[in-house]
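Step one of this worksheet: look at the structure below.
No experiment lies behind these values; they were computed from the predicted model shown. Note on naming: letters A, B, ... go to the chains in the order of the sequence lines (proteins, then strands), and numbering restarts at 1 for each one. All heavy atoms count here, side chains included; hydrogens, waters and symmetry mates do not.
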There are 4 protein chains.
Amino acid sequence: MIDTKKQLRSTSRHTQIVNGADIVLKENGVQQFTIDKVVDYLGIAKGTFYKYFESKDDVLAEVSIKALSLMLNYFKLSQREDQVGIENTKAFILSSYAFSLDYPAYFELIIYMERPEFKSEVDGYKKISDKVTGFVIDHLKNQQEKGIIRKDIDPVYGTFVLWGSSMGVMQFMEAKKVFIEDVKHLSQNEMMKTYVDMIINGVT
Amino acid sequence: MIDTKKQLRSTSRHTQIVNGADIVLKENGVQQFTIDKVVDYLGIAKGTFYKYFESKDDVLAEVSIKALSLMLNYFKLSQREDQVGIENTKAFILSSYAFSLDYPAYFELIIYMERPEFKSEVDGYKKISDKVTGFVIDHLKNQQEKGIIRKDIDPVYGTFVLWGSSMGVMQFMEAKKVFIEDVKHLSQNEMMKTYVDMIINGVT
Amino acid sequence: MIDTKKQLRSTSRHTQIVNGADIVLKENGVQQFTIDKVVDYLGIAKGTFYKYFESKDDVLAEVSIKALSLMLNYFKLSQREDQVGIENTKAFILSSYAFSLDYPAYFELIIYMERPEFKSEVDGYKKISDKVTGFVIDHLKNQQEKGIIRKDIDPVYGTFVLWGSSMGVMQFMEAKKVFIEDVKHLSQNEMMKTYVDMIINGVT
Amino acid sequence: MIDTKKQLRSTSRHTQIVNGADIVLKENGVQQFTIDKVVDYLGIAKGTFYKYFESKDDVLAEVSIKALSLMLNYFKLSQREDQVGIENTKAFILSSYAFSLDYPAYFELIIYMERPEFKSEVDGYKKISDKVTGFVIDHLKNQQEKGIIRKDIDPVYGTFVLWGSSMGVMQFMEAKKVFIEDVKHLSQNEMMKTYVDMIINGVT
DNA sequence: TATGAATGAGTGTTCATTCAT
DNA sequence: AATGAATGAACACTCATTCAT
């Protein structure tokens, strides 16, 4: 339990709960994330939580807005005008890798939110989710116009494939971390490089 | 509940429980898989279950051995001598796609087992996991020797990339099923084709 | 939320809250009636509510005054000078049936208020309750004087019997609605007719 | 909490829980009946309860079987061969009155179970419920054949009217107990007599 | 007089695991 | 070796009521 009173002055309860949920998520992962842990951590009553959020998925949607915004920021920061040719696409993929390394719980959350049964009523979620998708689609189209990426790849399919496959590789590495590094003496970075190399070659 | 007595003579309790868990898994999926359902199905006592398995994850690890074996079989059956060039690699990727469609619960299980917190003590799991990995590594090496796949790709990294990315794309499609088909009017098959095209181009 | 300010000038807070509770009751029924909904609807603070009312049951008691007043009005409107003989008594019973159809939530409330554990301190409730009772007693006495209703029935007992039994029949029909209409293919109206016929025969 | 061990030897857990629920019901009434109270009373774990019953409504259904059986018994015991004419019908109505006096919580429960949303999966409930209804219908038919009750009354409607109205009168008396006896100095018995007189006159 | 954030004891329900027999 | 009754902490969610400002 943290000292709630200090925070109250500077932050609204809503934000405070989102922040608490954020921390609980990072410490426990999505599967072990519970409302009980959040209210315990914040030292507030359960009723208080439900004054601000309709459901568990509701807070998670808000946290995932932070997660997606942060990821989008990683994407944007990876793009530089002085990078020519396929470099920007490489940089984009590597930035999503960096994000998954820096914020593994966020990464897990984004996957969790994609469950079909998840019907978020939180406006911001759909918005930022579309924004991220849009960013990648635009990137692909742009590279196709410049003649850098093959024009026969549908940008929408291409985006989902890019996203799905890179997330898969990262998830795989995360899961097999111990196995890969200790047993096989492989490096995650080396593996990511191989992936980028393979997928980049496939689209150019 | 099935008739346990007949099985008892020919099969050991251990195997019998794994088989029961297998069927329960296929019928319910990983999230709805419970020990209660397993012992109900088998008509055995709960205590008996815990005599043979330390935990829920323990049986699931054993079931996943069956799942991985079956997947390996799909891989093997996809390879034909009369297929030339890159066709065998394509066939290999598509066979893992077919597997995920034919046995969604197994596919779900394999992903479930990859959680970092999952620490299986079951010997056989590592064995079959290595076997599957070995198969793909051999495949890659083979294709490289024939000059079909680029020689600069490390076969071990390449294997993990191939595996991780294709599973990622499939998982992504499964999760976004409704979204992809209803909202974007995309086809899962078309998306898989795009993936195969992109990754194949990247390795040849 | 409604605009509270306008009402404030003309109506007292007390009345205003009762009116709000009234509307919330009609829209939600007794079981779903919550203080939260009332203060939300009125746009006032919860503390304000508890300044004017000691408990949830307290407001409901006040709302039930409105309900009983309305029911009394139904009773009165059912009586016409040109109706001769037992017709006015029939009309009286049918008017209480009409009331229960027109204002199901009020009807529900009246039954809810009759729980033994409900101890209303609200003055007005007893008053209107007596008024309704008085009306029926007077009606019975009147009919007895005219020789329409048997003189050996005590008008006070008769009133409670009339009231209790007709409410019971209506409550029974409401509860068994599905059962009566779907399973037994009976009609609510037909059942009410049977009741009126039986009870009217019993008193004449 | 009672001493559980003694009971265990003679009674099965199932029966024991039903008995506990029975007592909790009688002490608290339907609205305040909770699983927590039942397990607290029995001194068992919540999980134990749910091993034997699927839901709260499930136990209540079982308890109501006891209630309905008991009520049916009251009905049957009221019928005597040496009673002639309308006396048996009177006795029947008075027996349901006696039942509601002896077991007010059971009476409440029977009303509670009639909620349309209540979908009991418990076989016995429908059975005994139908039995009770059947008993009354048969009684009416019988009296009609003997020429004691008017033949133009449909026995099914008549049953429901009889049941609904008598339950209504009893519920009304229960609710207004204090009011009737203290304020109006009326007697419940006198009121019941009036009801029986009125309804009997209406049907003969 | 009015506020509204905060409370917390419920509420029904689940399920992996234990242990006396 | 086998049983299966019992556990109990966990879970998401509710709502009448309080009290410091």
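Atom pair L42(D):CG and dG8(F):C1' shows a separation of 16 Å (rounding to whole Å applied). Atoms CD1 (I35(B)) and P (dA6(F)) sit 21 Å apart, rounded to a whole Å. In this entry the distance linking CD1 of I44(A) with P of dG8(E) reads 12 Å, nearest Å. In this structure, the CG atom of D57(D) is 13 Å from the C1' atom of dT11(E), given to the nearest Å. Residue K37(C) contributes atom NZ, which lies 11 Å from atom C1' of dT14(F) at whole-angstrom precision. The CG-P distance, from D40(C) to dA5(E), rounds to 11 Å in whole Å. Rounded to an integer number of Å, the gap from Q32(B) CD to dA16(E) P is 11 Å. Rounded to a whole Å, the CD atom of Q31(A) is 16 Å from the C1' atom of dC15(E).
Residue whose closest nucleotide on DNA chain E sits further toward the 5' end, between G47(D) and D36(C): D36(C). Residues F33(C) and S55(A) each lie close to DNA chain F; by heavy-atom proximity, the contact nearer the 5' end of the strand is made by S55(A). Both Y52(D) and F49(B) lie close to DNA chain F; mapped to their nearest nucleotides by heavy-atom distance, the more 5′-ward contact belongs to F49(B).
With both pairing distances under 3.5 Å, dC19(E) is matched to dG4(F) as a Watson-Crick or G-U wobble pair.
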Would Y112(C) and D57(C) count as a side-chain hydrogen bond (donor to acceptor under 3.5 Å, both in side chains) if you check the C-alpha gap in whole Å, the side-chain angles of each, and the deciding distance to 0.1 Å?
CA-CA 10 Å; Y112(C) 174 85; D57(C) 277 0; 3.1 Å; yes
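Distance from the side chain of K56(D) is smallest for dG12(E) among the nucleotides dC15(F), dT17(E), dG12(E).
F53(D) comes within 4.0 angstrom of nothing in the nucleic acid, heavy atoms only. Among the atoms of the strands shown, base atoms are found under 4.0 Å from some heavy atom of T48(C).
For dT14(E), the OP1/OP2 oxygens have no side-chain nitrogen or oxygen of Y50(D) closer than 4.0 Å. Applying the 4.0 Å criterion to OP1 and OP2 of dC11(F), one finds that T34(A) has a side-chain N or O inside that range. For the pair R13(B) and dA1(F), the criterion of a side-chain N or O lying under 4.0 Å from OP1 or OP2 is not met.
Among I65(A), L68(A), I110(A), the single residue meeting the side-chain contact (heavy atoms from CB on, under 4.5 Å) criterion with S129(A) is L68(A).
In terms of polar N and O atoms assigned as donor or acceptor, the side chain of K46(B) comes within less than 3.5 Å of the base of dT17(E) in a complementary pairing. For K51(B) against dA2(F), a side-chain-to-base donor-acceptor contact under 3.5 Å is present.
Side-chain atoms of K37(A) come within 3.5 Å of backbone atoms of Q32(A) as a donor-acceptor pair (strictly under, hydrogens ignored). A distance-only check finds no donor-acceptor pair linking the side chain of K66(D) to the backbone of Y106(D) [under 3.5 Å]. Proximity of a side-chain donor or acceptor of S64(A) to a complementary backbone N or O of A67(A) within less than 3.5 Å is not detected.
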